[in-house]
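Heavy atoms only: backbone and side chains are in, while hydrogens, waters and symmetry mates are out. Just so it is clear, the model here is predicted, and its values are computed rather than measured.
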Amino acid sequence: GNRNRMRPAADRIKFEHIPSRRAQLYGLGEIPDAQPAIPGVRFSSVEFNPTINGASPDQRGEYFGLVNTNRTAIDCSRWVVSGGVSYTFPAGTVIPSRGRLYVARDAVGFRSRTISPKANERRYLISGYDGQLSARGETLTLSDGQGNTIATTTYDGNPTAEQQFLRVTEILFAPAAPSAQELASIPTLGAFDFEFVELTNTGASPLDISGTRFVQGISFTFPEPTVLSPGEHIVVVANEAAFRLRNPGNLNIAGQYTGRLDNDGEQLQILDTVGENVLEFTYNDSWHGATADDGYSLVMLDPANTPVSDFDRPANWGVSLAVGGDPGSGSTATSTTFSSWKYGNFTEAEVEDPLVTGDEIDLDFDTLNTIFEYGFGRNPKANDAPASYSSTIITEGGVDYFALRFRRLKNALDLTYLVEVSSDLTNWTPVAIPIGNPVDNGDGTETVTIRDNVAASENTLRFGRISIMVGR
């Protein structure tokens, strides 16, 4: 060797050896042309449920393929797949010219497949993406390291029976504390012992959910056999003895789960027997205060027609009619709260905007602010105040009385109505004498009539007013 110092030696490599060697390799055609700006790489097969054809016993055998349509190898280092799954290709990932690359969820699961593609077939394979390919169908997008879209594919899927028809329909996550009578029966009870989750078969055929399991929030696997008839409900409970104490009767109880439902809200996830995602959503204690503080349950309003992607939207959940919920039977009615009414009449963005749904806002300019719209059960986006209340003279026992007639919401948990009368608009007296029974209006409201406690007189003025208060 020579005795060059480090700097001169490095310069010889950089400026003499590398350029000449590069020129030599180019001349021999051993260095490929530059990679196309938008390489011709496309998705090929997508096997989202390898259990159907017996290729794999579970989802570990799923995969999707990529095809390089170019005449040159394509370097896919740091490319990204997003959509149904997420994955960043490791450095050094190259698809040969006209070659295929298989991207698997799990390398061992892919090699254990019994149907091609499988082990010992000399496949180019990378693995380890997050998530799984849904049998419901979804879109996958392939992008390069700079975020440029290389390819997309959308497959239709073929959802399992559980994915189509098994739904969570009621959640009691913050039950009321045990009563003295309940503690006398089981002294060690706590409020959490009364938790439950109700599920329902919303389909028209029997549904076998044996082996279906909760894997987030709580842990539970439905035993063999567990078959739900059309419309049948089943509950999983925190403590079966406590549940039966508070909910007597022949209810369909699958068993006790491990863990507890978080009173602040959390994610629940259910997988079917082959590992397909049946439901994955987050409930929240901030949606409806009565479910967080007063022992009411969350009730799914329309489980059969609500997309699974919308189970974590508060507008799709109501409040049970009674404290403790209505487990094991279809909830045909729900309570109303200020929050549930808002979600039923406004978008979620509007609910969060005080300039739209603030207490004193009169959005439709009909003289009713948001609280009065709620109390009278009106449409906050329609000018409908005149039909909300009126004054009249009624006769009872041969005596005429001044009276106020008004609409009010049925089954409202947080509304208080105060009717007052006055002769001088300064001194007001509460009155609460009802005339007849409330008249059901068929729209979740009823009309009531409250009369004065003093007989009407031609010589005396009487004024009336209605106050509506919101608060538990």
Would you check if Thr149 and Thr141 make a side-chain contact, meaning some heavy-atom pair closer than 4.5 Å?
yes
Donor-acceptor under 3.5 Å (Trp317 side chain, Phe311 main chain):
yes
Among side-chain atoms of Arg405 and Thr449, is any donor-acceptor pair under 3.5 angstrom?
yes
Looking only at non-hydrogen atoms, find the nearest pair between Gly375 and Ile468 and report the distance.
CA-CD1, 3.8 Å
Establish, from distance only, whether the side-chain atoms of Gln59 and Glu276 form a donor-acceptor pair under 3.5 Å.
yes
Would you check if there is a donor-acceptor pair between the side chains of Asn383 and Asp366 at a distance under 3.5 Å?
no
Can you name the nearest heavy-atom pair linking Phe196 to Gly324, along with the distance?
CE2-O, 3.5 Å
Side chains of His288 and Ser340 only: does a donor on one sit below 3.5 Å from an acceptor on the other?
no
Verify whether the ring centers belonging to Phe243 and Phe194 lie closer than 6.0 Å.
no
Side chains of Thr282 and Asp312: donor-acceptor distance under 3.5 Å anywhere?
no
Do other residues, nucleotides or ligands put more than 12 heavy atoms under 6.0 Å from the OH atom of Tyr389?
no
Kindly compute the distance separating OG1 (Thr51) from CG (Asp272), expressed to the nearest 0.5 Å.
8.0 Å
I need the Asn239 CG to Thr188 OG1 distance, nearest 0.5 Å.
7.5 Å
Between Tyr102 and Lys118, is there a donor-acceptor pair closer than 3.5 Å when you use the side chain of the first and the backbone of the second?
no
Is there a donor in the side chain of Arg462 and an acceptor in the side chain of Ser423, or the other way round, less than 3.5 Å apart?
yes
How about CG on Asp156, more than 12 heavy atoms from neighbouring residues, nucleotides or ligands closer than 6.0 Å, or not?
no
Does the separation of the ring centres of Phe406 and Tyr417 fall below 6.0 angstrom?
yes
Lys/Arg N to Asp/Glu carboxylate O, Glu47 vs Arg105, below 4.0 Å
no
Heavy-atom donor-acceptor pair, Thr357 side chain to Asp353 backbone, under 3.5 Å:
yes
Answer whether the closest heavy-atom distance between the side chains of Ser229 and Pro206 falls below 4.5 Å.
no
Is the backbone N or O of Leu261 less than 3.5 Å from a side-chain atom of Glu195, with the two atoms forming a donor-acceptor pair by type?
yes
Between Tyr374 and Asp414, is any side-chain donor less than 3.5 angstrom from a side-chain acceptor?
yes
Looking at side-chain heavy atoms only, is the closest gap between Val215 and Ser219 below 4.5 Å?
no
Distance only, no hydrogens: is a donor on one side chain within 3.5 Å (strictly under) of an acceptor on the other, for Glu396 and Tyr401?
no
Is the count of non-hydrogen atoms from other residues, nucleotides or ligands lying under 6.0 Å from Asp424 atom CG greater than 12?
yes
Could you tell me whether the side chain of Thr370 and the main chain of Ile361 form a donor-acceptor pair under 3.5 Å?
yes
With side-chain contact (heavy atoms from CB on, under 4.5 Å) as the test, would you mind laying out the steps for Gln216 and Phe281 before giving the verdict?
CA-CA 10 Å; Gln216 278 193 294; Phe281 67 95; over 6 Å; no
From Leu301 CG over to Thr334 OG1, what is the distance, rounded to the nearest 0.5 angstrom?
6.0 Å
Would you indicate whether the side-chain heavy atoms of Phe173 and Phe192 approach each other to under 4.5 Å?
no
Closest contact, heavy atoms only, Ile209 versus Phe222
O-CB, 3.4 Å
Applying side chain to side chain contact (heavy atoms under 4.5 Å, CB included) to Leu245 and not counting sequence neighbours gives Glu182, Ser185, Ile186, Leu189
Taking salt bridge (Lys or Arg N to Asp or Glu O under 4.0 Å) as the definition, give me every residue that meets it alongside Glu352, ordered by chain and number, with sequence neighbours left out.
none
Looking at side-chain heavy atoms only, is the closest gap between Asp208 and Glu162 below 4.5 Å?
no
Distance (rounded to the nearest 0.5 Å) between Asn411 CG and Leu321 CG:
5.0 Å
Donor + acceptor pair across side chains of Thr337, Ser339 (<3.5 Å):
yes
Less than 6.0 angstrom separating the ring centers of Tyr87 and Phe89, yes or no?
yes
Is any side-chain heavy atom of Val319 less than 4.5 Å from a side-chain heavy atom of Val299?
no
Before accepting this row, confirm whether a basic side-chain N of the pair Arg111/Asp106 lies closer than 4.0 Å to the acidic partner's carboxylate O.
no
Would a 4.5 Å heavy-atom cut-off, applied to side chains only, mark Phe402 and Ile393 as touching?
yes
Give a yes or no on whether a salt bridge exists between Lys381 and Glu350, defined as a side-chain N under 4.0 angstrom from a carboxylate O.
yes
Salt bridge or not for Glu373 and Arg378, using N-O below 4.0 Å?
no
Identify the heavy atoms of Ser388 and Asp384 that sit nearest to each other, and give their distance.
OG-O, 3.5 Å
Counterpart residues, side-chain hydrogen bond (donor to acceptor under 3.5 Å, both in side chains), relative to Thr306 (two or more places apart):
none
With no hydrogens and no angle check, is any side-chain donor or acceptor of Thr202 less than 3.5 Å from a backbone partner on Phe165?
yes
Straight-line distance of Phe48 CZ to Leu140 CG, nearest 0.5 Å:
11.5 Å
With a 4.5 Å limit on heavy-atom distance, are the side chains of Val323 and Asp294 in contact?
no
With salt bridge (Lys or Arg N to Asp or Glu O under 4.0 Å) as the criterion, how do Arg408 and Glu446 come out once you've worked through the C-alpha distance, each side chain's angles and the decisive distance to 0.1 Å?
CA-CA 6 Å; Arg408 70 182 181 192; Glu446 58 189 10; 2.8 Å; yes
For Glu138 and Tyr155: C-alpha separation, side-chain torsions, deciding distance, then whether side chain to side chain donor-acceptor pair (under 3.5 Å) applies.
CA-CA 6 Å; Glu138 56 196 347; Tyr155 62 93; 2.8 Å; yes
Taking every heavy atom of Leu228 against every heavy atom of Thr200, the minimum-distance pair comes out as CD1-C, 4.5 Å
Ignoring hydrogens and geometry, is there a side-chain-to-backbone donor-acceptor pair from Ser134 to Arg136 under 3.5 Å?
yes
For Pro178 and Arg246 the tightest heavy-atom approach is CA-NH2, 3.6 Å
Under a 3.5 Å threshold, yes or no: a donor from one side chain and an acceptor from the other, between Gln256 and Glu240?
no
Side chain Ser297, main chain Glu170, donor-acceptor under 3.5 Å:
no
I'd like to know whether the aromatic ring centres of Tyr257 and Phe214 sit less than 6.0 Å apart in this structure.
no
Hey, is the main chain of Ala382 close enough, under 3.5 Å, to the side chain of Asp364 for a donor-acceptor pair?
yes
Would you kindly say whether Thr447 and Asn441 are connected by a side-chain donor-acceptor distance under 3.5 Å?
yes
Between CG on residue Asn284 and CD on residue Gln267, distance to nearest 0.5 Å:
12.5 Å
Give a yes or no on whether the backbone of Asp310 and the side-chain of Asn316 come within a donor-acceptor separation of less than 3.5 Å.
yes
Any donor-acceptor pair under 3.5 Å linking the side-chain atoms of Glu232 with those of Asn201?
no
